[in-house]
Amino acid sequence: MPSFLRTYSAIYFIACFVSLFFIDKGFQFVEMTIKVFALLSLSFWYLTAAKKINYWYLLLLLSSIASDTFLIFEDSFLIIGVLLLLLNRFLYIIISRRALKETDIKTLLLYLVPSLGMFIIFYVLMKPFLEEISSSFLLLGLTSATMILFSFLNYLNKMNTKNKYFLLGILLIVVADILIAYNKYLDYQLFYVIVYTTIYYVARYLICRAMILEKN
């Protein structure tokens, strides 16, 4: 990796690390600024390193900047933040849609049924605690199960580094989502916030690496 590309990735991780010190400290604008800066550095890394741009992924990066911004001020913008997260999930599905073309229907159903079954069980357990966002949570779960399925099938169809990074990134995002739901509605702990925020940062890095490899 050229030195200037390493600089972008280093800036991303430094900004991510610094942002952890401002979580739940009452410095929401500072936290927002650092997180936006981190995502911008990731965007510049992608734009500089990729030989051909995937505009769906570029839109995803912009949507992630918006969702992170609104979710920091979740007391006032929770619904908007959740809707943007839902948009992110749809964009991940679009990016990994190749699985539909390269996988036969029997294999698709074989993995789709258990994926949806596990989510339905989790949703039933969480529904009493979800209050006003239960419908949004249902959509988030269904889209999350779909993007896991597509990324997993893409990896099965072609076990290369790009698909491996993308699958790991998607799995980490879903793990972080589960921790967010648990932390917000069952047992709030600052430690959980730091853990799932860190997981998100790593997941986004892996997915960006995957998207760079895709076009190179």
Side-chain angles (χ1 to χ4, degrees), residues 8-25 28 31-32 34-43 45-46 57 60-61 63-72 74 78 81-82 84-93 95-96 115 118-119 122-123 125-126 130 133 136-137 140-152 155 161-213:
Y8 281 129
S9 58
I11 291 173
Y12 171 72
F13 278 114
I14 291 171
C16 293
F17 178 73
V18 171
S19 73
L20 298 177
F21 292 94
F22 293 93
I23 294 176
D24 282 359
K25 300 295 183 181
Q28 291 174 314
E31 181 185 353
M32 178 195 71
I34 297 173
K35 285 186 174 181
V36 169
F37 179 74
L39 279 170
L40 285 175
S41 66
L42 197 67
S43 302
W45 181 39
Y46 174 69
Y57 178 64
L60 173 64
L61 288 172
S63 177
S64 298
I65 291 173
S67 63
D68 278 15
T69 300
F70 282 109
L71 288 173
I72 287 174
E74 64 176 25
L78 177 61
V82 171
L84 286 168
L85 284 180
L86 186 59
L87 173 61
N88 293 349
R89 300 301 180 271
F90 278 113
L91 290 172
Y92 280 123
I93 291 171
I95 290 170
S96 57
S115 298
M118 290 180 63
F119 165 70
F122 183 72
Y123 175 75
L125 293 174
M126 289 293 298
L130 296 175
I133 68 162
S136 300
F137 185 84
L140 280 171
L142 291 174
T143 51
S144 295
T146 303
M147 68 184 192
I148 287 177
L149 174 65
F150 282 11
S151 58
F152 177 68
Y155 181 67
T161 305
K162 176 260 176 181
N163 287 336
K164 179 175 67 175
Y165 282 163
F166 193 87
L167 174 60
L168 288 175
I170 292 296
L171 289 174
L172 287 176
I173 285 176
V174 175
V175 169
D177 285 346
I178 293 172
L179 284 176
I180 290 173
Y182 180 84
N183 188 60
K184 184 171 180 59
Y185 297 104
L186 294 178
D187 180 27
Y188 178 83
Q189 299 287 340
L190 178 59
F191 173 74
Y192 296 151
V193 181
I194 294 174
V195 169
Y196 69 63
T197 301
T198 302
I199 291 174
Y200 259 121
Y201 289 151
V202 174
R204 285 171 172 168
Y205 175 81
L206 289 173
I207 290 172
C208 187
R209 285 287 302 273
M211 298 309 299
I212 291 171
L213 290 171

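All values below were derived from every heavy atom in this structure, side-chain atoms included, with hydrogens, water molecules and symmetry-related copies excluded.
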* **Partner of L42 under side-chain contact (heavy atoms from CB on, under 4.5 Å), chosen from L61, I207, I11** => L61
* After noting the C-alpha distance and the side-chain angles of T161 and R209, does the key distance pass the side chain to side chain contact (heavy atoms under 4.5 Å, CB included) rule? -> CA-CA 9 Å; T161 305; R209 285 287 302 273; 5.9 Å; no
* Side-chain touch Y200/K35, heavy atoms, less than 4.5 angstrom -> no
* To do: Look up atom OG1 in T198 and atom OH in Y201, then write down how far apart they are to the nearest 0.5 Å.
  => 7.5 Å
* To do: Kindly compute the distance separating OH (Y12) from OG (S41), expressed to the nearest 0.5 Å.
  => 7.5 Å
* Asked: Any side-chain heavy atom of R204 sitting closer than 4.5 Å to one from L172?
  -> no
* Asked: Taking side chain as C-beta onward, heavy atoms only, is I170 less than 4.5 Å from F150?
  -> no
* State the CG-CG distance between L142 and L86, to the nearest 0.5 angstrom. => 9.5 Å
* Are T146 and R89 close enough that some pair of their side-chain heavy atoms sits under 4.5 Å apart? -> no
* Asked: Quick check, are the ring centers of Y205 and F13 under 6.0 angstrom apart?
  -> yes
* Asked: Can you find a pair of side-chain heavy atoms, one from L171 and one from V174, that are under 4.5 Å apart?
  -> no
* Spacing of T69 atom OG1 and Q28 atom CD [to the nearest 0.5 Å] -> 12.0 Å
* To do: List the steps and the verdict of side chain to side chain contact (heavy atoms under 4.5 Å, CB included) for S19 and I23.
  => CA-CA 7 Å; S19 73; I23 294 176; 5.6 Å; no
* Minimal non-hydrogen separation, L84 against F70, with atom names -> CD1-CD1, 3.4 Å
* Verdict with reasoning, M147 to L91, per side chain to side chain contact (heavy atoms under 4.5 Å, CB included) -> CA-CA 9 Å; M147 68 184 192; L91 290 172; over 6 Å; no
* Evaluate the ring planes of F166 and Y92, with Trp represented by its six-membered ring, and classify them as parallel (under 30°), tilted (30 to 60°) or perpendicular (over 60°). => perpendicular
* Should D177 and L140 be marked as a side chain to side chain contact (heavy atoms under 4.5 Å, CB included) after you check the CA-CA gap, both sets of side-chain angles, and the distance that decides it? -> CA-CA 9 Å; D177 285 346; L140 280 171; 5.8 Å; no
* Check whether any side-chain heavy atom of F22 lies under 4.5 Å from a side-chain heavy atom of M32, and answer yes or no. => no
* Distance-minimising heavy-atom pair for I93 and T143 -> CD1-O, 3.6 Å
* **Heavy-atom pair with the smallest gap, counting every atom of Y165 and L206** => CB-O, 3.5 Å
* For the residue pair Y57 and Y46, is the inter-centroid distance of their aromatic rings smaller than 6.0 Å? -> yes
* **Approximate separation, where rounding is to 0.5 Å, of L168 CG and S151 OG** => 9.5 Å
* Asked: Which atom pair, heavy atoms only, marks the closest approach of I199 to A176?
  -> CG2-CB, 3.9 Å
* **Closest non-hydrogen atom pair, G81 against S67** => O-CB, 4.3 Å
* Structure fact -> Between the OH atom in Y196 and the CD1 atom in I180, the distance rounded to the nearest 0.5 Å is 5.0 Å
* Asked: Does some side-chain heavy atom of D68 sit less than 4.5 Å from a side-chain heavy atom of V36?
  -> no
